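Read the numbers this way: they start at 1 and go in the same order the structure lists the ligands and their atoms. Small disclaimer: the values here were computed from a predicted structure and weren't measured. Throughout, numbering of the chain's residues begins at 1 and tracks the sequence.
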Amino acid sequence: MRESVEVNDQGHLTIGGVDTIDLVNKYGTPLFVYDVERIRKNARAFVEGFKKLGVKAQVAYASKAFSSIAMLQVAKQEGLSLDIVSEGELYTALKANFPVDKIHMHGNNKSKKELEMAMQHGVGCIVVDNFHEIELIDQLTKAYDQSIDVLLRVTPGIEAHTHDYILTGNEDSKFGFDISNQQAEQAFLALKDHDYIRLKGLHCHIGSQIFETDGFIMAVRRLFDTLGKWHHEYQFEADVLNLGGGFGIRYTDEDEPLELEEYVHALVDEIKQQANQKDVSFPEIWIEPGRAIVGNAAITLYEVGSKKEIPNVRNYISVDGGMTDNIRPALYNAKYDAVVANKMNVERDYETSIAGKCCESGDMLIWDVLLPDITAGDILAVFSTGAYGYSMSSHYNRFPKAAVVFVENGKDQLVIKRETYEDLVRNDLSYE
Ligand SMILES: *Cc1c(COP(=O)(O)O)cnc(C)c1O
């Protein structure tokens, strides 16, 4: 069976020791259910991984994967740092009492207002993305007479995908400074002797849903080529090297993720070697997992409704959610696996596709999955929906957003309420 779930005596799917059918009766559908113990295990795999190797590190949860007050409280309990990309994500972190000095701000178009908010609250680090931003930070630090730690985001020219990685000379990306031309160095020179901006090191993020360590190792080498050069020419020593996120998880049985510790080992090994080779000091290592912290910790529960059987073509069953709570299949052709939560002991002999209920032909959750004979009123559970599900959810067709429940030690707790129709029209004004 999958991470976090089991089957009980009634043939029901359980998660974190709680019967999913009881959860549906209590909270309705669609419903996101997170197994908090799994979130903790994922977080600890990274944190303990570095600790065991005696390496100073920060594991920053990329909160865009799933941001809510409860989630950030768990991240805080586990000693994680936090990545945020917007005022809204920062606001959520502040509401969760997340330690501000452990918050890192990202974004390729940070507004002056966002940077101001970050500085006012004393955000720990800003990951500088472009020249416009350097100007803004320069102005703000001088205006407020306030220093700030920054990392320089660079594109090392490596695109890592699930199973392959591509070495590109020039990276075609909206993020960061290109390391292969003069951009990164120009930015470095603008920052290195700045009175207020303290350049702590470099950042890169090479992709997502990565199943191998090679791409990360190549990125480390690229970064050290640059650090070696800057050390030699400008006596610069990086305190921090941030390798981003992208650690892959299992969505379907075709995915074979590495143990999270393996990424940690590979990174530490390579960074040690490179630091020796280039004769620079060993930096603190930061990583930014999002998906790998929450992805496999949640399932989504839906109620099954209509069914359409097209002989010799395909069967469709529809559920009471879809692209409004999980846009990844429509957006990226992402694959998921599902079971019928109230028929776990029934043989899977009915092939069907699973449709959402939005007015879009592309609103499909899963193509061609084998399930038990399924009828209206059954509960479908889709696995590994913890990352980029709720956080990407929308109000298309004016569907209220789903509820989110945390389970741990056999207990369940609502952490995001289901939206009401009143919520949907809250900001609507009449025009008469
Ligand atoms: C999206 C993102 C992450 C997290 O990616 P995951 O694939 O969820 O681990 C980390 N860092 C940066 C800069 C990102 O943009």
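In terms of N/O distances under 3.5 Å, ligand 1 is not approached by Gly207.
With salt bridges taken as basic N to acidic carboxylate O contacts below 4.0 Å, none links Lys64 and Glu89. Between Lys41 and Glu37, at least one side-chain nitrogen of the basic residue sits less than 4.0 Å from a carboxylate oxygen of the acidic one, meeting the salt-bridge criterion. Salt bridge annotation for Arg40-Glu408: present, with a cationic side-chain nitrogen under 4.0 angstrom from a carboxylate oxygen.
Distances from atom 12 (C) of ligand 1 to the heavy atoms of Glu288, Arg291, Arg153 put Glu288 nearest.
Atoms of ligand 1 lying under 4.0 Å from at least one heavy atom of Lys64, given by number and element, are 1 (C), 2 (C), 3 (C), 4 (C), 14 (C), 15 (O). Set against the non-hydrogen atoms of Tyr388, the atoms of ligand 1 under 4.0 Å away are 1 (C), 4 (C), 5 (O), 6 (P), 8 (O).
With no hydrogens or angles considered, a side-chain donor-acceptor pair links Gln274 and Glu270 at under 3.5 Å. A side-chain donor from one of Ser384 and Arg2 sits under 3.5 Å from a side-chain acceptor of the other.
Both the sub-6.0 Å distance and the 45° axial angle are satisfied by Arg153 relative to the ring of Phe175.
Contact annotation: Phe175 has no heavy atom less than 4.0 Å from any atom of ligand 1. Remark: distances from the non-hydrogen atoms of Ala65 to ligand 1 are all 4.0 Å or more.
The single protein non-hydrogen atom nearest to atom 3 (C) of ligand 1 is His205 CE1, 3.4 Å, given as residue, atom name and distance. Scanning all protein heavy atoms for the shortest distance to atom 9 (O) of ligand 1 gives Gly246 N, 2.8 Å.
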